[in-house]
Amino acid sequence: MKVTKSVFGYIEDTPVYSYTITNVNGVEVTCIDYGCTITRMVTPDQKGRLENIVLGFDNLEDYLQHSPYFGCIVGRVAGRIGGATFDLEGKTYSLAKNEGENHLHGGEKGFSHMIWNSSYEEDINRASVIFTHFSSDGEEGYPGNLAMKVTYTLTNDNEFMIHYYGKSDETTLLNVTNHSYFNLSGDLKRTVLDHTLTMKSDQFVELNESLLPTGTILDVEDTAFDFRNGQAIKAGVESNHPQNRLVGGGYDHPFILSANHCEEIYLADPESGRTLTVETDEKSVVVYTANQLSDEKEIYGVPARKHLGICLETQGVPDAIHHPNFPAWILEKNKPFSSVTKYYLGITSEQK
Ligand code: FUC
């Protein structure tokens with residue numbers, strides 16, 4: 001399988017490289033070393049039409065000026081940390097308050113806003129782009145020198161995998177994810193409101209007005225948060241549940257996964273026939289239906305708007321450092337972190 005490399009743009013004098021991995025079925029994944037951002041993902045619909053299924057831009061300037069975390073790796077800690085502060089091993093750490101009083105998606109710069117080191121590997125049935133970043137002690141306020149590696153791999157079986165690795169010389173926090181906004185209609189023809197989502201999840205996390213977890217875990221039963229038998233995304237827009245209203249209509253919630261590596265998340269667009277099956281090691285997924293996406297900008301020639309994409313952010317439960325009842329994701333000194341999330345890019349008429 002092949003990887004092609006080109007220059008996507010420059011930040012001052014430093015080139016930002018773009019890599020496109022292509023498989024035998026014409027599936028393509030393009031990513032850049034700025035934020036390990038996936039800029040395009042091209043897959044066939046049920047008629048074999050090859051179209052893009054993620055939100056992104058074709059130029060670096062738009063990523064620098066406008067991107068609401070399109071396609072990038074967010075970290076060290078994805079989501080919000082209440083009060084932008086936390087205690088760890090008897091010390092108090094202060095982080096950037098980049099959303100009101102709180103810390104969001106790793107801070108002012110974070111993993112999403114920096115150029116990573118990059119390389120690629122080609123094999124017969126798979127190819128990978130490998131990104132590394134050395135995050136020094138104190139970067140964005142977090143303790144520990146942290147060596148990070150993120151690998152994007154596409155196979156000839158239409159599987160796309162993200163492997164995450166990290167190791168720190170001090171105990172620290174690490175909760176990374178990829179922030180791709182999927183839209184399976186193809187070239188952003190429609191919003192995602194008619195996409196259907198099926199998830200192995202019995203519980204979701206209640207949020208407050210700052211979109212921070214309250215600490216309460218709610219049952220999905222009899223709510224618009226029940227995706228166990230599959231339902232359209234618009235259920236969350238039509239719902240009067242206070243949690244759907246709170247986030248502006250739709251979802252911006254962590255769902256606790258009741259299974260791993262067992263087709264736990266399945267997104268489908270009935271009209272194009274495209275499907276996306278997600279499997280992960282992570283304990284939860286933040287489902288964000290682009291409720292805050294405004295129409296000020298065009299995305300690949302299409303006006304950006306609310307509900308134009310859906311993020312399926314596999315990760316540990318946000319703000320667990322402040323909620324002892326949530327599974328912890330503290331990364332201990334010198335212990336490697338590793339996790340994988342797999343995305344199977346399919347069509348409805350086939351079996352996985
Ligand atoms: C998601 C959401 C946030 C935010 C951001 C761009 O992860 O949880 O609310 O809008 O992305």
Side-chain angles (χ1 to χ4, degrees), residues 35-38 54-57 62-82 84 95-113 140 162 164 173 175-183 191-192 197 199 201 204-214 225 233 236-237 243-257 265 267 278 280 282-297 299 304-320 322-323 326 329 341:
C36 312
T37 303
I38 297 169
V54 294
L55 274 58
F57 298 118
D62 280 346
Y63 280 104
L64 300 179
Q65 300 298 327
H66 306 284
S67 178
Y69 301 91
F70 284 163
C72 56
I73 293 296
V74 286
R76 296 185 187 190
V77 174
R80 296 172 174 84
I81 296 182
L95 305 169
K97 294 183 176 174
N98 58 330
E99 197 194 55
E101 287 301 297
N102 304 316
H103 177 83
L104 174 67
H105 287 335
E108 297 291 353
K109 209 154 183 282
F111 290 169
S112 47
H113 290 73
E140 289 290 341
I162 306 182
Y164 302 88
L173 301 187
N175 188 19
V176 271
T177 191
N178 176 276
H179 207 283
S180 288
Y181 291 63
F182 294 99
N183 181 323
T191 68
V192 297
L197 180 65
M199 287 200 296
S201 171
F204 71 103
V205 172
E206 184 186 65
L207 302 179
N208 67 20
E209 315 70 52
S210 305
L211 307 181
L212 268 165
T214 62
F225 292 81
I233 300 300
V237 175
Q243 284 289 305
N244 295 115
R245 305 269 50 93
L246 177 81
V247 300
Y251 304 91
D252 194 352
H253 291 79
F255 286 76
I256 312 291
L257 295 170
I265 306 166
L267 182 70
V278 185
T280 185
E282 295 290 356
K283 300 229 170 3
S284 74
V285 57
V286 173
V287 175
Y288 172 56
T289 49
N291 318 317
Q292 298 166 37
L293 200 60
S294 67
D295 55 4
E296 79 214 20
K297 190 73 206 141
I299 306 170
R305 59 196 187 278
K306 214 171 169 176
H307 306 135
L308 191 62
I310 177 168
C311 300
L312 299 167
E313 305 163 45
T314 55
Q315 58 182 260
V317 184
D319 209 24
H322 292 130
H323 299 287
F326 293 176
W329 32 255
T341 297

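Counting starts at 1 for both ligands and their atoms, following the listed order. The structure displayed is predicted, hence computed values, not measured ones.
The protein atom (non-hydrogen) at minimum distance from atom 5 (C) of ligand 1 is His105 NE2, 3.5 Å.
Not less than 6.0 angstrom separates the ring centroid of His113 from the ring centroid of Phe111.
Ring geometry for His323 versus Phe326: interplanar angle of 30 to 60°, hence tilted. A tilted orientation is assigned to the rings of Phe70 and Phe57, their planes being inclined by 30° to 60°.
Numbered from 1 in the order shown, with element, the atoms of ligand 1 that lie under 4.0 Å from a heavy atom of Leu211 read 9 (O). Heavy-atom contacts of His179 reach the following atoms of ligand 1: 1 (C), 5 (C), 7 (O), 11 (O) (cutoff under 4.0 Å). Interface of Asp252 with ligand 1, defined as ligand atoms under 4.0 Å from a residue heavy atom, comprises 2 (C), 3 (C), 8 (O), 9 (O).
Nearest-heavy-atom check against atom 7 (O) of ligand 1 across Gln315, His253, Arg80, Glu313 picks out Glu313.
Considering both main-chain and side-chain atoms, Tyr181 never comes within under 3.5 Å of ligand 1 through any nitrogen or oxygen pair.
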Given side-chain contact (heavy atoms from CB on, under 4.5 Å), test Leu257 with Ile265 step by step and report yes or no. CA-CA 9 Å; Leu257 295 170; Ile265 306 166; 4.2 Å; yes

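Considering all non-hydrogen atoms of both residues, Gln292 and Leu211 come closest at NE2-CD1, 3.7 Å.
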